[in-house]
Amino acid sequence: EIVMTQSPATLSVSPGERVTLSCRASQNINVNVAWYQQRPGQAPRLLVYGASTRATGTPARFTGSGSGTEFTLTINSLQSEDFAVYYCQHYNNLPPLYNFGQGTKLEIQ
Amino acid sequence: EVQLLESGGGLVKPGGSLRLSCSASGFTFNSYSLNWVRQAPGKGLEWVSSISSRSNYIDYADSVKGRFTISRDNAKNSLFLQMHSLRVEDTAVYYCARELNGRSAIFDSWGQGTLVTVAS
């Protein structure tokens, strides 16, 4: 089983700053990574898939990158609505795989 | 606008059963694979089950295999999760989620969730 490890668990930053979230896979998964944002009390929302493709409606300040085992989600100029929990996910359709990381909580410093 | 609306959650005793429903609108329901993803209180996301557009591919997480059954009614734009032999550790918010582009395993739309509490 492929394990997705996110770091750090919690990140304290100030509005307007740039932040990079990390996600590491336990083995090579090419670019089969998605990132989700979950605001308090809300359902998750797809931000990025294919490691770097923004989903419909994802603001340009969100940038995903990486391949193989190392992946990052960078958020430029943090807005108040960006303070949330972010999950990375390894996905595969043959066979179907849906492994989530444990999440990184972005909190206001 | 894509909408997914879950219902059927509630309080149930260990060993009990519950049936969740997800009503969909705003897209061609019979063209998409659908999933149930759950989130225990204060915890992360855990995929539970998947069903393809024509119900010919069905998968379950090991943690629910043999106890949960996923199904869909394309004529009624509805997804279901029948849960039996419920355990305390099944307590979670259950989300209905649509897959992007067929069987991509990428969840591009989510419902707001329904809370299932298993307690005596």
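Lettering of chains follows the sequences in order, A, B, ..., and the numbering in each one begins at 1.
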Starting from B:L20, can I reach B:I58 by hopping between I/L/V/M/F/W/Y residues whose side chains sit under 4.5 Å apart? yes
Verify same cluster id: A:V13, A:Y86 (apolar side-chain graph, 4.5 Å): yes
CA sep, side-chain torsions, deciding dist, call: B:D108, A:Y49, side-chain contact (heavy atoms from CB on, under 4.5 Å): CA-CA 9 Å; B:D108 73 334; A:Y49 61 94; over 6 Å; no
Got more than 12 heavy atoms from elsewhere within 6.0 Å of CZ, A:R24? no
Residue from B:L45, B:V37, B:N35 scoring the most non-hydrogen pairs under 4.5 Å with chain A is B:L45
Quick check on A:R39: does its CZ atom have over 12 non-hydrogen neighbours (other residues, nucleotides or ligands) under 6.0 Å away? yes
Taking the side chain from A:Y36 and the backbone from B:F107, do they hold a donor-acceptor pair closer than 3.5 Å? yes
Same cluster for B:V2 and B:L34 if Ile/Leu/Val/Met/Phe/Trp/Tyr side chains link at under 4.5 Å? yes
On a heavy-atom basis, the closest approach of B:K43 and A:Y87 is O-OH, 3.6 Å
Are A:V19 and A:V48 linked, directly or through intermediate hydrophobic residues, by side-chain heavy-atom contacts shorter than 4.5 Å (ILVMFWY only)? yes
Would B:S104 and A:Y91 count as having a side-chain donor-acceptor pair, cut-off 3.5 Å? no
Distance in Å, B:I106 CD1 paired with A:Q89 CD, rounded so as to fall on 0.5 Å steps: 7.5 Å
Nearest heavy-atom neighbours spanning A:P44 and B:Y95: CD-CZ, 4.0 Å
Return yes if some donor-acceptor pair links the side-chain N/O of B:Q39 with the main-chain N/O of A:A43 below 3.5 Å, else return no. no
Could you tell me the separation between the CG atom of A:L46 and the CD atom of B:E99, rounded to the nearest 0.5 Å? 11.5 Å
In short, B:A105 meets A:N92 closest at the heavy-atom pair CB-O, 3.5 Å
Single-linkage hydrophobic cluster, 4.5 Å side-chain cutoff, B:V48 and B:Y60 together: yes
